[in-house]
There are 2 protein chains.
Amino acid sequence: MNYSKQRETVLQTLRENVVHPTAEYIYDIMRKTDKSVSLATLYRNLNQLTEAGKIKKIEGLENSAHYDHNIHEHYHFICTECKRVFDIPADVAGDIVKNTEEKTGFVIQSHDVIFHGLCNDCKK
Amino acid sequence: MNYSKQRETVLQTLRENVVHPTAEYIYDIMRKTDKSVSLATLYRNLNQLTEAGKIKKIEGLENSAHYDHNIHEHYHFICTECKRVFDIPADVAGDIVKNTEEKTGFVIQSHDVIFHGLCNDCKK
DNA sequence: GCCAAACTTGACAATAATTCTCAAATATAA
DNA sequence: TTATATTTGAGAATTATTGTCAAGTTTGGC
C-alpha cells in the first residue's frame, strides 16, 4: 500500500470525529478542504483501511455502513431515538467466544454485537 | 393488517426453509407457484411481518438482509467459507443485557450478535 | 535527481438491494 | 353488497456502493 494524501485524510477524519460516521459524513468533511476528492476514492480507502485492520466497518445500522477508528474489541449501541452510536466495552458479554466455540466446535474469527435502545438523554 | 394470500405464502416459505433466506431466495421459491408475484409485494410483506414481530430481519451479513422465522432470542454465525448461516443459542452471552444496562444506564430494546468464522465442515 | 513499475486518483457509468408510485384488485365491516 | 381501507403488480426511482479507465502520484533502484 503506497502513501496517499487522500487516504491519510480519511484516517485522520475518522480519528478526529468521535462519532462513528458514515461514508457520506466523512465525504462532506473531506470536501471542505479538498473540493475535488471523489466518492470512489473515499470508498476505496475505507475498504483498504478496513482490509488492513486500521479501521473497522460497522454494519447492520440503518442502510449505510459506519466506520470506527477504534479497533480494540468493543460493541455498539444505537439509540433508536437520536440515532447516535455509542461504544460498549466488550466485557459485558462474558466468555462469549469461548462459550460459542465450545458449544459448536466452530472456529470464530470475529464477532459483532449491536444493541438497540434508548440512550440516557433519550430515555427520559 | 388485512389477510393476504401473498403474505401468507411469504410466512410459510420462511417457515418451511430451515435456512435463513434472503428476499431473493424467497422470491425464487414464490415464483414457482405464483408466476405473477412482485418483488415489491415480497419486500412489503417482509417489512410488515418484521414490524409485527412475526419474523426477524438479520442484517450485517454480506449485502442483503436475511430473514428468520425463529423469533426466539438467539444469535447467528456465518461461515466465511460456505456462507451458510447457523443459529447460536443466546446463553453463550451470559447476562449481556443486564450487564450492559447496568454499566451504561441505557434502556436496551433489542440486541443482535453475529459471529464470523469457520463451521465444522469448512474448518478442516 | 531521474525513470520505470506499481499504485492511486477523479469522473462518472454501472450495479444491487430495496423502496416508491399508482391504478386495479381484494378484503373487511356494517 | 356496498363503501372504506388494505393490498397488489408493474415498473420507475432511490440509495449505497463498486467498477472502469485514462491521467496523476509514489516508490525503489540507478
Side-chain angles (χ1 to χ4, degrees), chain A residues 1-14 19-68 76 78 83 85 112 114, chain B residues 1-14 19-68 76 78 83 85 112 114:
Chain A
M1 194 171 5
N2 279 356
Y3 171 85
S4 108
K5 195 162 71 114
Q6 288 89 334
R7 182 156 45 239
E8 207 52 39
T9 310
V10 172
L11 195 50
Q12 209 168 323
T13 305
L14 255 177
V19 297
H20 301 74
T22 57
E24 198 193 357
Y25 185 98
I26 300 170
Y27 185 61
D28 289 345
I29 291 185
M30 287 183 75
R31 297 280 289 194
K32 286 183 184 158
T33 50
D34 177 359
K35 225 36 189 148
S36 79
V37 72
S38 140
L39 249 184
T41 299
L42 173 55
Y43 275 106
R44 260 189 311 250
N45 281 317
L46 286 171
N47 286 340
Q48 286 173 173
L49 290 166
T50 301
E51 194 70 20
K54 291 184 199 269
I55 65 175
K56 215 172 162 321
K57 185 176 183 177
I58 318 175
E59 302 186 87
L61 308 182
E62 308 134 57
N63 312 304
S64 30
H66 291 236
Y67 294 87
D68 196 340
H76 294 104
I78 180 165
K83 310 295 180 195
V85 180
D112 296 293
I114 295 195
Chain B
M1 192 170 7
N2 279 356
Y3 171 86
S4 108
K5 195 162 71 113
Q6 288 88 335
R7 181 156 47 237
E8 207 52 39
T9 310
V10 171
L11 195 50
Q12 210 168 322
T13 304
L14 254 177
V19 297
H20 301 74
T22 57
E24 198 192 357
Y25 185 98
I26 300 171
Y27 185 61
D28 288 346
I29 291 184
M30 287 184 75
R31 296 280 290 195
K32 288 185 184 158
T33 51
D34 178 358
K35 225 35 189 150
S36 79
V37 73
S38 140
L39 251 184
T41 299
L42 173 55
Y43 275 107
R44 259 189 312 249
N45 281 316
L46 286 171
N47 286 339
Q48 287 174 171
L49 289 166
T50 302
E51 193 70 20
K54 290 184 201 267
I55 65 175
K56 215 171 161 325
K57 186 176 184 176
I58 318 175
E59 302 187 89
L61 310 181
E62 308 135 57
N63 312 304
S64 31
H66 291 238
Y67 294 87
D68 196 339
H76 294 103
I78 181 164
K83 309 296 180 196
V85 180
D112 296 293
I114 294 196

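No experiment lies behind these values; they were computed from the predicted model shown. In the text below, chain A, chain B and the rest are named by the order of the sequence lines, each starting its count at 1.
- In this structure, CG of Leu46(A) is placed 14 Å from P of dT8(C), rounded to the nearest angstrom.
- Within the nucleic acid shown, Ser4(A) comes within 4.0 Å of sugar-phosphate atoms alone, with no base atom in reach, counting heavy atoms only.
- Rounded to whole angstrom, the span from the CZ atom of Arg7(A) across to the P atom of dT27(D) amounts to 10 Å.
- Shown here for Leu42(B) and Met30(B), the closest heavy-atom pair between the two residues is CD1-SD, 4.1 Å.
- With the nearest nucleotide of DNA chain D identified for both Ala65(A) and Asp34(B), Asp34(B) has the one nearer the 5' end.
- Spacing between atom OH of Tyr25(B) and atom P of dA17(C) amounts to 16 Å, rounded to whole angstrom units.
- Under 4.0 angstrom from either OP1 or OP2 of dT9(C) there lies at least one side-chain N or O belonging to Asn45(A).
- The two residues Ile114(B) and Glu59(B) come nearest to each other via the heavy atoms CD1-O, 3.1 Å.
- Taking atom OH on Tyr43(B) and atom C1' on dT8(D), their separation rounds to 17 Å, with Å as the unit.
- As judged by a 4.0 angstrom heavy-atom cut-off over every strand, Gln6(B) is placed among residues touching the sugar-phosphate backbone only.
- Heavy atoms of Gln48(B) sit under 4.0 angstrom from primed sugar atoms or phosphate atoms, though from no base atom.
- With hydrogens and angles disregarded, a donor-acceptor distance shorter than 3.5 Å links the side chain of His66(B) to the backbone of His20(B).
- When rounded to the nearest whole Å, the span between CE of Met30(A) and C1' of dG10(C) equals 12 Å.
- A straight line from CG of Asn63(A) to P of dA13(D) spans 20 Å, rounded to a whole angstrom.
- Looking at heavy-atom distances under 4.0 Å, Tyr3(B) makes contact with sugar-phosphate atoms alone, never a base.
- The residue among Leu39(A) and Arg44(A) whose nearest nucleotide of DNA chain D lies closer to the 5′ end is Leu39(A).
- Which of dG10(C), dT18(C), dG9(D) sits closest to the side chain of Ala23(B) comes down to dT18(C).
- Residue Asp68(B) comes nearest to Leu14(B) through the heavy atom pair N-CD2, 4.2 Å, listed as atom of the first residue, atom of the second, then distance.
- The distance between atom CG of Asn2(A) and atom P of dT27(D), rounded to the nearest whole Å, is 5 Å.
- To the nearest angstrom, P of dC12(C) lies 18 Å from CG of Leu42(A).
- In plain terms, the two heavy atoms of Thr9(B) and Thr13(B) that are nearest each other are O-OG1, 2.6 Å.
- One finds no side-chain N or O of Ser38(B) lying less than 4.0 angstrom from the OP1 or OP2 phosphate oxygen of dA10(D).
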